[in-house]
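A note on names: the letters A, B, ... follow the listed sequences, proteins ahead of strands, and every chain is numbered from 1. Only this structure's heavy atoms are used, side chains among them; waters, hydrogens and symmetry mates stay out.
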Amino acid sequence: MRYSIFSLVRQAFAGHRGWDEAWRTPEPKKQYDVVIVGGGGHGLATAYYLAKNHGVSNVAVLEKGYIGGGNTGRNTTIVRSNYMLDDNAHFYEWSLKLWHQLSTDLNYNTMFSPRGVLNLAHTEGQRDQYFRRGNRMLLNGIDAEWMTREDIARFIPHLDCSDNPRFPILGGLMQRRGGTARHDAVAWGYARAASALGVDIIQNCEVQGFAREGNRVVAVETSRGRIGAGKVGIAVAGNSGRVAGMVGLKLPIETHVLQAFVSEPLKPMLDTVVTYGAGHFYMSQSDKGELVMGGDLDFYPSYAQKGNIPILEEAVAAGLQMFPILSRVRMMRHWGGVMDMTLDGSPIIAKTPIDNFYLNGGWCYGGFKATPASGWVFAHTIAHDAPHELNRAHTLERFETGHVIDDKGAGPVAQWH
Amino acid sequence: MTLASRYDILVIGAGPAGLAAAAESVAMGLRVALVDEQGAPGGQIYRAITTTPVQQRDVLGADYWYGEKLVAAFERSGAGYSPRTTVWAVTREADEFQIGLSCDGGAQLIRARQVILATGAQERPFPIPGWTLPGVMTAGAAQILLKSAGLVPGGTTVLAGSGPLLYLIAAQFTAAGARVECLLDTTPAGRWRDVLRHAPDFVASPYAAKGWSMLRAAQRMMRIVKGVEQISAIGAGKLDGVRFTTGGHTQDIPADLLLLHQGVVPGINLSNAIGCAHHWDAAQACFTPTVDDWGATSIPGITIAGDAAGIAGARSAEARGTLAALHAASALGHLRTAQRDAQAVAPRRELERWNRGRKFVDALYLPAPEFRIPTGDTIVCRCEEVTARQVTETVALGCTGPNQMKSFLRCGMGPCQGRLCGLTITELIAKERGVSPAETGYYRLRFPVKPITLGELAALPQTDSSVDAVVRIKR
């Protein structure tokens with residue numbers, strides 16, 4: 001059933017009893033052309049684009065829990081494409097373009113809100129670096145705008161733009177087309193659209209191993225039995241190392257926890273996404289009114305989906321530097337997601353040394369915004385057994401050959417990115 | 001008082017279990033602190049025992065004043081004590097625990113090698129139509145006002161629910177001069193037939209005589225309606241009356257205040273957030289931390305004493321507090337196993353005495369499913385205003401458990417952190433899916449277990465290890 005104002009009105013008169021299920025719940029078949037492991041945004045998007053763009057609809061998405069229950073449901077929902085290096089810039093810009101039409105394309109309201117993403121600069125060196133990044137964005141056809149301190153003070157009245165903070169704000173790099181989206185709706189929207197095209201979404205189905213013949217994977221061993229596969233793609237960021245390990249691959253990825261937290265709901269006070277430049281902190285306000293906040297990574301590798309107190313303290317202290325007005329707001333909830341950290345801070349969407357086994361991972365903490373393009377290029381890579389031009393550089397081999405995509409210039413240590 | 005930065009044992013909660021645990025630990029020569037949310041020791045059952053304005057002893061009864069002895073022993077012990085203090089986090093740091101506290105608007109972190117949770121019970125959610133109206137509160141909340149401030153309800157008061165505490169509160173109110181119009185007893189008619197086999201044990205217990213006299217007294221003092229099958233609070237904007245059904249006959253009575261109570265369940269938010277294993281207790285229809293007979297949890301160093309580890313009442317909690325202290329001391333190497341076991345003989349005997357008759361009480365007063373599992377437009381999650389119908393419809397969509405339900409309906413994501421809806425949501429989902437509550441599971445809780453201001457968090461003191469934790473490039 002198509003969602004529209006007409007179907008809504010019709011259902012309203014019928015007591016909302018006639019809505020179809022959003023996606024089917026089939027029993028797994030014996031064999032699929034493609035099996036995608038991971039029912040988060042990336043896996044579901046990949047299945048959707050396999051069916052839509054490449055006509056491959058004999059596809060299963062296997063999810064160990066429920067769809068969108070991993071990092072898709074644990075992020076801070078920020079969408080942006082303010083990258084400097086060409087390989088990332090083009091990839092994320094394509095993602096942002098997809099975001100802008102996603103609700104229409106999926107016929108599902110993902111609540112994408114292009115409310116802008118503002119990176120604050122607090123030193124002259126940082127300002128110069130933002131100029132450089134902004135100019136490169138403009139050269140790549142991505143919107144970027146420098147805001148002065150006065151512009152920012154008008155734009156975000158509650159932000160402390162005075163000379164009083166330890167690191168006064170000098171200005172900021174703004175990307176107006178960036179913003180936020182409803183994370184769960186992204187998983188649900190892709191699931192519904194993929195299911196309508198014939199993709200089987202199989203929840204509560206944990207992958208326990210892979211059966212190989214020579215250099216090929218022939219089946220996936222799951223908690224619901226053996227499922228034959230022509231090709232296998234994994235999109236299990238946070239657990240990429242574990243799942244790839246089942247097929248004997250060792251990845252240049254470390255898993256770390258990234259924490260996020262929300263306050264009690266407030267009246268509307270912040271209609272953009274703002275990041276602190278003199279520490280690691282970012283914040284937006286949800287439609288519900290809660291302030292959604294995040295900070296830096298926990299620096300030790302861990303699979304625990306909960307974080308530590310010092311990072312929380314550091315992040316909140318930075319937040320109060322920006323918004324002293326919030327000191328008496330109560331923090332309500334706190335959670336952690338596990339991040340695939342690569343050695344250059346950029347993702348891997350690539351073929352692997354195993355012939356029909358494809359890897360989508362290493363998203364560090366930028367995976368949510370990449371969802372549409374990630375699915376788009378991963379579907380292409382699987383369907384054609386060759387990368388799309390947008391992920392040609394995001395290979396696994398780059399860490400051997402040295403062709404890294406180090407956007408932050410942070411060096412070859414996972415936790416620095 | 002100001003707390004030191006390190007203790008051997010930190011006890012959380014100053015009810016009977018916590019007071020006994022702290023006093024016992026100090027007596028063994030350990031460095032101990034007790035932190036508690038309230039302004040004065042006593043917990044819920046002995047709440048405000050040192051400060052209550054209700055000085056006429058027969059109002060709150062001899063069982064209440066028994067607590068004086070316990071508080072006096074605690075105060076004599078010299079244990080560190082920090083009232084008005086909320087614990088919002090307990091995390092492991094090497095071989096110790098780091099505990100996040102919030103006291104009088106300031107947060108701090110302290111460390112302890114052993115933590116004893118004596119966080120007590122909370123009232124079981126009682127989701128009936130209209131339970132969110134002004135004028136409806138829990139009987140326990142009304143009792144808090146009586147104990148701590150000597151307040152009794154004016155106007156027409158109706159009590160509803162089941163369990164011994166309901167009758168105790170009725171008796172206390174009457175003794176304090178308040179008038180209770182009516183008590184609607186929701187204990188299912190005929191339940192006594194199911195519990196007869198536990199009766200001999202109960203008759204031999206210390207509770208029998210007391211329970212009997214309480215029931216008799218209540219019957220003399222107020223109208224009691226037995227076998228109530230349905231209750232709703234009615235009114236526009238505030239409570240006007242109570243509608244109830246008994247024997248197939250429905251009637252309305254006017255009321256200014258409706259006090260609801262259907263027993264208590266362990267408060268598990270902290271133990272859940274710490275990561276202790278829990279299980280579904282079918283007899284009490286609630287999740288309970290899995291502990292051994294010392295109160296030790298699945299996490300070494302975390303021990304639970306008192307009702308937080310399963311409802312058994314104040315005197316049992318006191319004995320379990322002592323046992324938890326003995327266990328913690330022995331885990332610290334301060335007490336040899338043989339010494340521990342020898343010292344445990346007396347509290348174990350007490351425990352056995354006060355646990356007698358529990359099965360009878362549990363079985364008799366287990367609320368009927370219709371009072372635990374609401375239907376229709378009855379609100380389940382008060383914070384996010386989620387109704388029972390929304391939950392059942394979402395289960396029909398394929399949602400299998402409480403954590404997935406959060407992403408659909410946001411239930412359990414408000415300021416109460418699921419305290420007032422967790423059990424209802426679990427049982428509702430379990431019933432709709434036709435599976436057990438144990439399989440359905442409970443919310444995964446994270447710190448802060450109680451909301452804490454950003455200002456407090458930001459002002460946490462810096463230590464070497466906290467600086468290390470946030471500095472990217474190591475020395």
| task | Working to the nearest 0.5 Å, report the span between OG of B/S407 and NE2 of A/H183. | result | 8.0 Å
| note | So, the part of A/E313 with a heavy atom under 4.5 Å from chain B: the answer is both
| Hey, is the main chain of A/M332 close enough, under 3.5 Å, to the side chain of B/Q417 for a donor-acceptor pair? | yes
| query | Checking B/L397 against chain A: side chain, backbone, both or neither under 4.5 Å from a heavy atom? | reply | neither
| field | Pick from A/V329, A/V413, A/N204 with the largest number of heavy-atom pairs that fall under 4.5 Å of chain B | value | A/V329
| query | Between B/T91 and chain A, which part of the residue has a heavy atom less than 4.5 Å away: side chain, backbone, both or neither? | reply | side chain
| note | Answer key: most heavy-atom pairs under 4.5 Å with chain B among A/K288, A/M293, A/R328 is A/K288
| said: Is B/E93 in contact with chain A via its backbone, its side chain, both, or neither, using a 4.5 Å heavy-atom distance? | reply: neither
| Which atoms of A/H280 come close to chain B, meaning under 4.5 Å heavy atom to heavy atom: side chain ones, backbone ones, both, or neither? | side chain
| field | Side chain proximity check, B/T453 to A/M331, heavy atoms < 4.5 angstrom | value | no
| request: Check the surroundings of atom CD in B/E385: do more than 12 heavy atoms from other residues, nucleotides or ligands lie under 6.0 Å from it? | output: no
| field | Side chain / backbone / both / neither for A/D298 at chain B, heavy atoms under 4.5 Å | value | neither
| Hey, mind stepping through A/R17 and B/E393 against salt bridge (charged side-chain N to carboxylate O under 4.0 Å, His left out) and telling me if it holds? | CA-CA 10 Å; A/R17 290 180 202 288; B/E393 285 174 355; 5.2 Å; no
| said: Taking 4.5 Å as the heavy-atom cut-off, does anything in residues 315-327 of chain A contact chain B, and if so which residues? | reply: A/V316, A/A317, A/L320, A/L326, A/S327
| Which value, rounded to the nearest 0.5 Å, describes the distance between B/L457 atom CG and A/H334 atom NE2? | 9.0 Å
| message | With a 4.5 Å cut-off on side-chain heavy atoms, are A/E264 and B/P415 touching? | response | no
| Checking B/A273 against chain A: side chain, backbone, both or neither under 4.5 Å from a heavy atom? | backbone
| query | Is any side-chain heavy atom of A/E290 less than 4.5 Å from a side-chain heavy atom of B/M413? | reply | no
| Under a 4.5 Å cut-off applied to non-hydrogen side-chain atoms, are B/L109 and A/I309 in contact? | yes
| note | Bottom line for A/L312: the part with an atom under 4.5 Å from chain B's heavy atoms is side chain
| Structural part of A/W188 lying under 4.5 Å from a heavy atom of chain B | side chain
| A/R330 versus B/K450: any side-chain heavy-atom pair under 4.5 Å? | no
| task | State, with a plain yes or no, whether a side-chain heavy atom of B/Q404 is found less than 4.5 Å away from one of A/Q203. | result | yes
| Stepwise side chain to side chain contact (heavy atoms under 4.5 Å, CB included) test for A/D296 and B/V470 | CA-CA 8 Å; A/D296 217 338; B/V470 299; over 6 Å; no
| request: Quick one: which residue pairs count as a ring-ring contact (aromatic ring centres under 6.0 Å, His included) with a foot in residues 412-463 of chain B, not counting sequence neighbours? | output: B/F287-B/Y442
| Does the side chain of B/R446 reach to within under 4.5 Å of the side chain of A/R333, using non-hydrogen atoms? | no
| Do the non-hydrogen side-chain atoms of A/Y66 and B/N403 ever get within less than 4.5 Å of each other? | yes
